[in-house]
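Keep in mind that the numbers below use all heavy atoms, side chains included, and drop hydrogens, waters and symmetry copies.
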Amino acid sequence: MIAIIDYEMGNLRSVENALSRLGAEWKLTSDPEEIRSASRVLLPGVGNDAEAMERLRERGLCEVIRNLRHPVLGICVGMQVMCRHSEEGDVDCLGIFDAHVRRFPEEGLKVPHVGWNRINNMESKLLKGVERGSYVYYVHSYYANLCPDTIATTRYGSTLFSAALKYENFYGTQFHPEKSGDIGERILANFLKL
């Protein structure tokens, strides 16, 4: 069973639909025991990092997530809150990934970064079978800097940022695999096999 952590941060329907298309069994939950006993955990998120951290703390989920030993995938804000710190609300996050979350510079580009962009420099079983330069779908104003945990990159304007991160059993994607067509479905299918 896959646990989708419910902390009221964004529309979860597209994640649920993507998992159902792959034939996966999932449960939307904020119960620590259900999260601990799941075979895989998804931490999706849309919105504000500071608010996301507050909601995780309110539900007593910060230590639960940090101590998980089975595969965990954070998506968008879910990945950002697994980093060390975020400029969005100047908040300390879960500290799983050795990355800091920063706002895109105002340099004549549209912020938020919305739409399709390429991923490159891919190094992980999570991205197996995905060709360099494949397009994935983004919606974000903040990004994780490059760090030792970076397993894929994307460039937006002059900023090269972490498109995906990995540390031990923890994975994160800044893009939305559930909205990234066949490429995103492949990435989610890979996650289910980890």
Side-chain angles (χ1 to χ4, degrees), residues 1-12 15-16 18-19 22 24-102 123-128 140 142-152 161-178 187-194:
M1 176 68 68
I2 299 156
I4 303 173
I5 296 180
D6 181 11
Y7 61 125
E8 298 177 16
M9 288 300 294
N11 178 8
L12 301 174
V15 173
E16 295 168 350
L19 291 175
L22 291 168
E25 291 184 29
W26 53 268
K27 182 169 189 174
L28 187 61
T29 182
S30 59
D31 180 85
E33 279 311 309
E34 289 180 336
I35 294 167
R36 286 186 194 102
S37 65
S39 63
R40 307 273 184 287
V41 173
L42 281 174
L43 179 63
V46 174
N48 179 290
D49 291 346
E51 184 179 352
M53 282 304 300
E54 181 179 339
R55 291 185 183 196
L56 289 172
R57 281 192 296 270
E58 286 172 353
R59 289 161 177 75
L61 295 177
C62 294
E63 285 306 312
V64 172
I65 294 167
R66 284 186 190 109
N67 292 317
L68 291 173
R69 293 296 166 247
H70 42 272
V72 178
L73 176 62
I75 298 172
C76 196
V77 166
M79 182 192 88
Q80 291 178 359
V81 297
M82 289 163 58
C83 294
R84 293 202 180 284
H85 184 269
S86 176
E87 287 183 359
E88 188 174 29
D90 189 24
V91 64
D92 288 331
C93 299
L94 296 174
I96 294 165
F97 299 128
D98 188 19
H100 295 270
V101 178
R102 299 188 166 96
E123 300 174 18
S124 172
K125 291 179 182 177
L126 180 68
L127 303 167
K128 183 179 178 183
H140 63 127
Y142 291 79
Y143 65 92
N145 64 294
L146 301 182
C147 69
D149 300 329
T150 300
I151 57 170
F161 64 90
S162 294
L165 297 167
K166 178 192 182 295
Y167 177 75
E168 295 181 349
N169 55 302
F170 294 93
Y171 298 81
T173 62
Q174 181 62 69
F175 57 89
H176 288 268
E178 77 282 8
I187 291 167
L188 288 173
N190 288 344
F191 175 70
L192 298 179
K193 294 174 187 170
L194 293 173

Atom CG in D98, atom OG in S162: separation rounded to 0.5 Å?
-> 10.5 Å
Rounded to the nearest 0.5 Å, how far does CD1 of I96 lie from CG of L165?
-> 11.0 Å
Measure the CG-SG distance between D92 and C62 for me, rounded to the nearest 0.5 Å.
-> 11.0 Å
Side chain to side chain, I5 and V64, heavy atoms closer than 4.5 Å = no
Set of residues satisfying side chain to side chain donor-acceptor pair (under 3.5 Å) with respect to K125, sequence neighbours excluded | none
Among F97, F170, Y171, the one residue meeting side chain to side chain contact (heavy atoms under 4.5 Å, CB included) with D149 | F97
When you look at E25 and L19, which way does the side-chain contact (heavy atoms from CB on, under 4.5 Å) test go after all the steps?
-> CA-CA 7 Å; E25 291 184 29; L19 291 175; over 6 Å; no
For F191 and R40, which heavy atoms make the closest approach, and how far apart are they?
-> O-NE, 3.2 Å
Can a salt bridge be assigned to the pair R55 and E58 using a cut-off of 4.0 Å between side-chain N and carboxylate O?
-> no
Between H100 and H85, what is the ring plane arrangement, given parallel below 30°, perpendicular above 60°, and tilted in between?
-> tilted
By side chain to side chain donor-acceptor pair (under 3.5 Å), E8 pairs with (sequence neighbours left out) R59
Would you check if the side chain of D6 reaches a backbone N or O of S30 as a donor-acceptor pair within less than 3.5 Å?
-> no
Measure the shortest side-chain to side-chain distance between I2 and L192 over non-hydrogen atoms and say whether it is less than 4.5 angstrom.
-> yes
S124 side, atom OG; N190 side, atom CG - distance, nearest 0.5 Å = 8.5 Å
Qualifying residues under side chain to side chain donor-acceptor pair (under 3.5 Å), relative to S39, sequence neighbours excluded = none
Correct closest heavy-atom pair for A50 and N48 would be N-OD1, 2.8 Å
Side chains of V15 and W26: does their closest heavy-atom pair fall under 4.5 Å?
-> no
Are the side chain of R102 and the backbone of E87 linked by a donor-acceptor contact shorter than 3.5 Å?
-> no
Identify, with sequence neighbours excluded, every residue that meets salt bridge (charged side-chain N to carboxylate O under 4.0 Å, His left out) alongside R57.
-> none
Taking side chain as C-beta onward, heavy atoms only, is T150 less than 4.5 Å from E123?
-> no
Heavy-atom check, side chain of C83 versus side chain of D49, under 4.5 Å | no
Euclidean distance, L22 CG relative to K193 NZ, rounded to 0.5 Å = 9.5 Å
Note, V81 side chain near L43 side chain (heavy atom, < 4.5 Å) = yes
Contacts of type side chain to side chain donor-acceptor pair (under 3.5 Å), residue E88, not counting sequence neighbours | none
Test item: L28 and E16 side chains (from C-beta on) under 4.5 Å apart, heavy atoms | yes
Roughly how far apart are N67 CG and R36 CZ, rounded to 0.5 Å?
-> 8.0 Å
Per-pair distances, 0.1 Å, donor-acceptor, side chain in residues 68-80, under 3.5 Å, sequence neighbours excluded:
residue : atom : partner : partner atom : Å
H70     : NE2  : I35     : O            : 3.4
H70     : NE2  : A38     : O            : 3.2
Q80     : NE2  : Y142    : O            : 2.9
Q80     : NE2  : Q174    : OE1          : 3.0

